[in-house]
Peer 1: 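To start, I am sharing the structure in question, which I have written as structure tokens.
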Amino acid sequence: MERSGQNFVSWEHRYSINIPLIDSQHKKLIDLANELHKACRYDTAAAKEQFRNTIREAVAYVQYHFSVEEQLMTKTDYKELTEHKKHHTEFVQEVLDNVAAFENGKKFIPNQFVRFLRDWVLSHIAIVDIKLGEYIINLQKNGKLGDVSIKENAENEVGKKIVLAVDDSKTQLMQFKSILTMYDVHTCESPLQALEMAKNMAIDIILLDLDMPDLTGIEFLQHLQQISGKHQIPVIIVSGNSTEKLILASKNEGAIDFIVKPVEPQLLIKKIQYQLAKKN
Ligand SMILES: [Fe+2]
């Protein structure tokens with residue numbers, strides 16, 4: 001994503017906790033704070049929509065990032081896990097309360113919220129995450145880290161499973177990319193183009209929206225059956241529209257699972273892992 005102009009907050013080396021995986025996620029949080037700040041500078045409908053989309057992306061990413069840190073703490077028997085997790089939980093609650101106020105038109109001051117986000121993230125890194133960084137680096141120095149991975153996966157790493165996400169919302173596609181960093185995620189806003197990709201690429205799983213302009217998700221499934229026959233690529237529907245009729249129709253056309261938007265990152269990851277494990 002292009003992030004231009006003067007930044008509200010910039011990454012500095014002193015924020016590094018010396019764990020590449022966590023540092024890169026902290027950088028992404030800073031990018032999101034800048035995006036939110038940019039969106040709340042104008043009072044236009046487009047800027048409000050941009051703010052709404054970015055806030056949703058930020059909430060999903062914060063939760064994903066915390067889950068990565070908490071997994072790392074659990075795997076390494078970090079004794080301050082409970083305390084650290086409490087900081088995360090309280091922050092998420094505060095963010096969700098603010099987002100609910102924003103969505104419901106209650107008292108919400110965008111600028112104040114963005115400053116709160118920035119200040120919380122920077123002080124959390126400097127006081128709480130830095131200790132985790134020191135602990136992990138010490139384990140590593142003493143050869144006690146075992147097989148716990150602390151590196152961000154390289155893009156297009158050989159052997160990564162390929163996920164094709166089809167949705168006419170750019171924001172939703174960005175969210176998939178930010179959540180599913182363990183996979184090689186290809187995104188497509190046009191279902192017709194996505195069918196071409198399904199014909200020509202070795203895709204492991206498809207995430208499919210239902211309401212799209214040039215072809216509905218149900219029609220996509222019908223075309224997909226025609227092109228792939230018995231060896232159909234597993235498809236998980238990810239839709240804001242979850243009537244029983246639609247769920248049934250998509251299952252009848254070959255979809256294997258259904259997720260209702262807004263997407264809960266851990267649920268999405270679990271469902272994909274389950275389907276990929278079944279395939280192998
Ligand atoms: Fe943390």
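The structure presented is a predicted model; accordingly, all values stated were derived computationally and were not measured. Excluded from the calculations below are hydrogen atoms, water molecules and symmetry mates; all remaining heavy atoms, backbone and side chain alike, are included.
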Peer 1: If a pair satisfies salt bridge (Lys or Arg N to Asp or Glu O under 4.0 Å) and one of its residues is in residues 207-225, list it, with sequence neighbours excluded.
Peer 2: Asp209-Lys261
Peer 1: How far apart are the closest heavy atoms of Ile227 and Ala198, and which atoms are they?
Peer 2: CD1-CB, 4.4 Å
Peer 1: Kindly indicate, with the supporting measurements, whether the criterion side chain to side chain donor-acceptor pair (under 3.5 Å) is fulfilled by Asn138 and Glu134.
Peer 2: CA-CA 6 Å; Asn138 251 320; Glu134 283 163 8; over 6 Å; no
Peer 1: How far does OH of Tyr78 sit from CD1 of Ile136, to the nearest 0.5 angstrom?
Peer 2: 8.0 Å
Peer 1: Report the C-alpha separation of Gln225 and Gln222 in whole Å, then their side-chain angles, then the decisive distance to 0.1 Å, and conclude whether the side chain to side chain donor-acceptor pair (under 3.5 Å) test is met.
Peer 2: CA-CA 5 Å; Gln225 277 180 349; Gln222 290 162 348; over 6 Å; no
Peer 1: Given side chains that start at C-beta, do those of Leu164 and Leu207 come closer than 4.5 Å, heavy atoms only?
Peer 2: no
Peer 1: Take Val238 and Leu208, measure what side chain to side chain contact (heavy atoms under 4.5 Å, CB included) needs, and give me the verdict at the end.
Peer 2: CA-CA 6 Å; Val238 184; Leu208 178 68; over 6 Å; no
Peer 1: Any chance you could lay out the side chain to side chain contact (heavy atoms under 4.5 Å, CB included) test for Leu267 and Lys271, step after step, and finish with the verdict?
Peer 2: CA-CA 6 Å; Leu267 179 73; Lys271 285 192 180 255; 3.8 Å; yes
Peer 1: Let me confirm one number: the CD-NE2 distance from Glu80 to His87, rounded to the nearest 0.5 Å.
Peer 2: 8.5 Å
Peer 1: Which heavy atom in Phe220 sits nearest to a heavy atom in Ala194, and how many Å separate them?
Peer 2: CE1-CB, 3.7 Å
Peer 1: Once you round to the nearest 0.5 Å, how far does CZ of Phe258 lie from CG of Asn241?
Peer 2: 7.0 Å
Peer 1: Under a 4.5 Å cut-off applied to non-hydrogen side-chain atoms, are Phe116 and Glu94 in contact?
Peer 2: yes
Peer 1: Looking only at atom types and distance, does a side-chain atom of Gln63 sit under 3.5 Å from a main-chain N or O of Pro265, one as donor and one as acceptor?
Peer 2: no
Peer 1: So, Ser16 side chain and His13 main chain: donor-acceptor pair closer than 3.5 Å or not?
Peer 2: no
Peer 1: Is there a donor-acceptor contact under 3.5 Å from the side chain of Ser239 to the main chain of Ser242?
Peer 2: no
Peer 1: Return the CD1 to CD1 distance between Ile22 and Ile130, rounded to the nearest 0.5 Å.
Peer 2: 12.5 Å
Peer 1: For residues Val95 and Val62, determine if any side-chain heavy atom of one lies less than 4.5 Å from a side-chain heavy atom of the other.
Peer 2: no
Peer 1: Which label fits Phe102 and Phe51: parallel for a plane angle under 30°, tilted from 30 to 60°, or perpendicular past 60°?
Peer 2: perpendicular
Peer 1: When you measure from the side chain of Lys177 to the backbone of Val185, do you find a donor-acceptor pair of N or O atoms at a distance under 3.5 Å?
Peer 2: yes
Peer 1: Within a strict 4.5 Å, meaning less than it, do heavy atoms of the Ile236 and Leu268 side chains meet?
Peer 2: no
Peer 1: In plain terms, say whether Glu196 and Lys199 are close enough for a salt bridge, that is, a side-chain N and a carboxylate O under 4.0 Å apart.
Peer 2: yes
Peer 1: Spell out, as yes or no, whether a donor-acceptor pair under 3.5 Å connects the side chain of Ser10 to the backbone of Asn7.
Peer 2: no
Peer 1: Search all heavy atoms of Phe8 against all heavy atoms of Asn34 and return the closest pair with its distance.
Peer 2: N-OD1, 2.8 Å
Peer 1: Does a side-chain heavy-atom distance below 4.5 Å link Arg118 with Arg115?
Peer 2: yes
Peer 1: Considering non-hydrogen atoms only, spot the tightest contact between Leu36 and Ala58 and give its length.
Peer 2: CD1-CB, 4.4 Å
Peer 1: With a 4.5 Å limit on heavy-atom distance, are the side chains of Ile237 and Ile259 in contact?
Peer 2: no
Peer 1: Rounded to the nearest 0.5 Å, what separates atom CG in Asp23 from atom CD1 in Ile17?
Peer 2: 6.0 Å
Peer 1: Taking the side chain as C-beta and beyond, is there a heavy-atom pair between His26 and Tyr15 under 4.5 Å?
Peer 2: no
Peer 1: Considering residues, nucleotides and ligands other than Glu12, do more than 12 of their heavy atoms fall under 6.0 Å from its CD?
Peer 2: yes
Peer 1: Give the minimum heavy-atom separation between Ile269 and Met182, together with the two atoms involved.
Peer 2: CD1-CE, 3.8 Å
Peer 1: Thinking salt bridges, do Arg52 and Glu103 make one under a 4.0 Å N-O criterion?
Peer 2: yes
Peer 1: Which distance, rounded to the nearest 0.5 Å, do you find between the CD of Gln275 and the NZ of Lys161?
Peer 2: 13.0 Å
Peer 1: Would you say Thr243 and Ile247 make side-chain contact, with heavy atoms under 4.5 Å?
Peer 2: no
Peer 1: Walk me through whether His65 and Leu29 qualify under side chain to side chain contact (heavy atoms under 4.5 Å, CB included).
Peer 2: CA-CA 9 Å; His65 164 62; Leu29 290 177; 3.8 Å; yes
Peer 1: Got a donor-acceptor contact below 3.5 angstrom from the Tyr61 side chain to the Arg56 backbone?
Peer 2: no
Peer 1: Grab the two heavy atoms, one from Thr74 and one from Leu81, that are nearest each other, plus how far apart they are.
Peer 2: OG1-CD2, 3.9 Å
Peer 1: Between Asp167 and Ser169, is there a donor-acceptor pair closer than 3.5 Å when you use the side chain of the first and the backbone of the second?
Peer 2: yes
